[in-house]
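Below you'll find the structure, written out as structure tokens, and then a few comments.
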Protein chains: 2
Amino acid sequence: MDAYEYIKDAIVQGKFEPDMRLGEESLAKQLNLSRTPIREAIKQLEAEGLVVPLKRGVSVRAFTKEDIRQIYDLRILLEGYAASQAAHFRTEHDLKAMEKANKHYEKVINECIESNIRNIKEIVDANQQYHEAIIAATKNSHIHFHLSKVVVVPIIFRSFYWYNHFHLKQSLESHKIILAAVKNKEPERARIAMHEHIYQGRDHVLKHLSN
Amino acid sequence: MDAYEYIKDAIVQGKFEPDMRLGEESLAKQLNLSRTPIREAIKQLEAEGLVVPLKRGVSVRAFTKEDIRQIYDLRILLEGYAASQAAHFRTEHDLKAMEKANKHYEKVINECIESNIRNIKEIVDANQQYHEAIIAATKNSHIHFHLSKVVVVPIIFRSFYWYNHFHLKQSLESHKIILAAVKNKEPERARIAMHEHIYQGRDHVLKHLSN
DNA sequence: TATTGACTTATTGTATACAAAGGATTAAGT
DNA sequence: ACTTAATCCTTTGTATACAATAAGTCAATA
């Protein structure tokens with residue numbers, strides 16, 4: 001397995017906790033690699049801001065409540081724009097992709113609610129696919145590039161992020177509203193709906209964060 | 001000197017041209033270093049999107065006209081937001097910093113016009129300081145983080161970016177308008193002025209790009 | 001007992017050595 | 001002459017070895 005993917009996943013899944021120091025030798029042993037590729041992976045993660053440099057080596061970045069607030073503000077700006085652009089310029093192909101992603105999200109949510117089993121990874125993935133479909137319709141690869149870095153952070157706190165059925169249903173409803181606006185080519189409606197959708201996610205996360 | 005800084009500067013200054021392959025041994029010799037730190041620097045640049053991976057090694061990313069368009073769209077969105085936020089929340093201290101940066105920019109521009117000498121680096125730096133002062137007033141470090149990656153790209157094409165006195169004066173005028181709006185706490189005015197300012201820069205660059 | 005200082009240890013940062021994979025060049029065959 | 005194949009060479013990718021520095025420990029003195 002790739003060192004970069006391994007470490008990033010471990011951070012996002014919370015296996016490597018905030019402020020935990022990442023020892024190179026330790027990681028090298030876990031991955032059956034030498035320190036050289038480990039260090040390269042760490043440098044990439046540092047450039048993305050997921051780990052922070054110490055005097056020597058790095059530690060997992062501990063995002064503060066203020067960080068989360070700022071990241072959501074940024075995400076609201078970018079994804080709101082993406083939604084409005086999608087409503088403007090979407091093709092039939094884009095729409096099909098979004099509808100497919102939405103159908104899938106609906107299926108996952110409903111299964112989750114019925115069986116009362118919280119398969120967090122599946123929900124997070126389905127949600128991301130939906131958002132990616134909208135961003136793809138924007139046809140701005142640079143926005144996609146930066147959003148992909150931004151979106152990852154709150155997922156670190158996903159353990160309580162998706163924890164109740166009400167929020168899940170609310171989220172699904174928002175997705176439908178956004179999709180309808182894009183389908184009807186209503187940019188401002190799409191932007192506002194996306195804003196509201198992400199604000200709800202933000203509030204939900206912030207409510208459960210202490211510091 | 002740091003390998004990362006060296007390579008990044010060389011790319012931004014145009015010393016390493018687009019599509020040029022970056023040989024590790026060659027860079028190591030230039031910097032009197034071994035390949036190890038070179039590779040780490042390259043990984044960072046790859047994460048930022050300034051170099052692209054080949055089957056083996058990397059080359060300097062060749063940004064297309066479409067890339068530039070997308071990057072400017074993104075920058076307009078982010079800096080427009082920054083300007084409006086600055087107008088909302090700016091403190092006296094923020095304002096002082098912006099005014100100082102603006103004074104300095106004015107000085108540089110005027111010297112440049114009078115002496116007819118185009119010290120491109122000085123102009124670019126003064127311009128960046130002004131924009132940074134506005135972004136600082138936003139108090140959103142994550143927006144600053146992403147903008148810092150975005151802003152760099154068009155500078156690669158700066159040789160003709162700042163090439164005439166009319167554009168320079170126009171740019172200075174825009175800066176003053178934005179500053180006034182921030183000073184008077186007019187968020188929408190500030191955003192629109194920033195949009196216009198960056199659109200002008202965009203058009204100027206695009207006009208001189210062929211493909 | 002607390003604090004400071006030297007010493008020891010562990011881990012990073014850098015260099016080098018080795019292995020593997022592309023790309024280039026040359027030769028052979030059609 | 002042009003294409004194809006095989007070999008060689010250059011450069012990357014990985015591992016290891018060495019050097020440098022930060023941190024931790026222990027002892028000594030106030």
Side-chain angles (χ1 to χ4, degrees), chain A residues 1-64 145 148-149 152-153 156, chain B residues 1-64 145 148-149 152-153 156:
Chain A
M1 188 185 184
D2 187 31
Y4 170 79
E5 289 290 333
Y6 177 83
I7 301 170
K8 182 169 179 178
D9 279 4
I11 292 172
V12 173
Q13 316 272 330
K15 293 205 125 195
F16 293 167
E17 287 181 14
D19 285 323
M20 173 181 156
R21 183 164 190 165
L22 297 181
E24 297 173 3
E25 200 66 55
S26 154
L27 288 167
K29 212 179 269 181
Q30 291 175 53
L31 287 153
N32 284 341
L33 283 170
S34 71
R35 281 174 49 217
T36 312
I38 301 291
R39 299 193 100 240
E40 287 166 8
I42 286 176
K43 279 290 174 199
Q44 282 185 258
L45 292 165
E46 198 182 320
E48 290 179 23
L50 282 181
V51 302
V52 291
L54 307 170
K55 280 198 179 177
R56 286 172 80 76
V58 298
S59 66
V60 177
R61 176 159 180 185
F63 289 96
T64 66
F145 176 82
S148 68
K149 316 287 181 207
V152 166
V153 178
I156 297 175
Chain B
M1 187 185 185
D2 186 30
Y4 169 79
E5 289 291 335
Y6 177 83
I7 301 170
K8 182 169 178 178
D9 279 4
I11 292 172
V12 174
Q13 317 271 328
K15 292 203 126 198
F16 294 166
E17 289 181 11
D19 285 321
M20 174 180 155
R21 181 161 195 170
L22 296 181
E24 296 173 5
E25 200 66 56
S26 152
L27 289 167
K29 211 178 272 180
Q30 291 175 51
L31 286 152
N32 283 342
L33 285 169
S34 72
R35 281 173 49 217
T36 311
I38 302 291
R39 298 193 100 238
E40 287 166 10
I42 286 176
K43 279 290 174 201
Q44 283 185 258
L45 293 165
E46 199 181 320
E48 290 180 23
L50 281 181
V51 302
V52 290
L54 307 172
K55 281 198 178 180
R56 289 171 78 77
V58 299
S59 67
V60 176
R61 176 159 180 184
F63 289 95
T64 65
F145 176 83
S148 69
K149 316 287 179 205
V152 166
V153 178
I156 297 174

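Each chain gets a letter, A, B and so on, in the order the sequences are listed, and its residues count up from 1.
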Results of side chain to side chain donor-acceptor pair (under 3.5 Å) for [X] - residues two or more places apart only:
| X | result |
| --- | --- |
| B:E24 | B:R35, B:R39 |
| A:S26 | A:Q30 |
| A:Y4 | A:K8, A:E48 |

Q) Contacts to DNA chain C from residues 41-50 of chain A, heavy-atom cutoff under 4.0 Å, which residues? A) none

Q: Mind checking side-chain contact (heavy atoms from CB on, under 4.5 Å) for A:S148 and listing every partner two or more places apart, or none if nothing turns up?
A: none

Q | For B:R21, side-chain contact (heavy atoms from CB on, under 4.5 Å) partners two or more places apart | A | B:L54, B:R56

**Q.** Sugar-phosphate or base contact per nucleotide [nucleotides 7-17 of chain C; S, B, -; heavy atom under 4.0 Å]
**A.** ----BBBBBBB

Q.
Strictly by side chain to side chain donor-acceptor pair (under 3.5 Å), give each pair with a member in residues 11-20 of chain A just once, sequence neighbours left out.
A. A:Q13-A:R158

**Q.** Which atom of B:A3 lies closest to which atom of B:P37, heavy atoms considered
**A.** CB-O, 4.3 Å

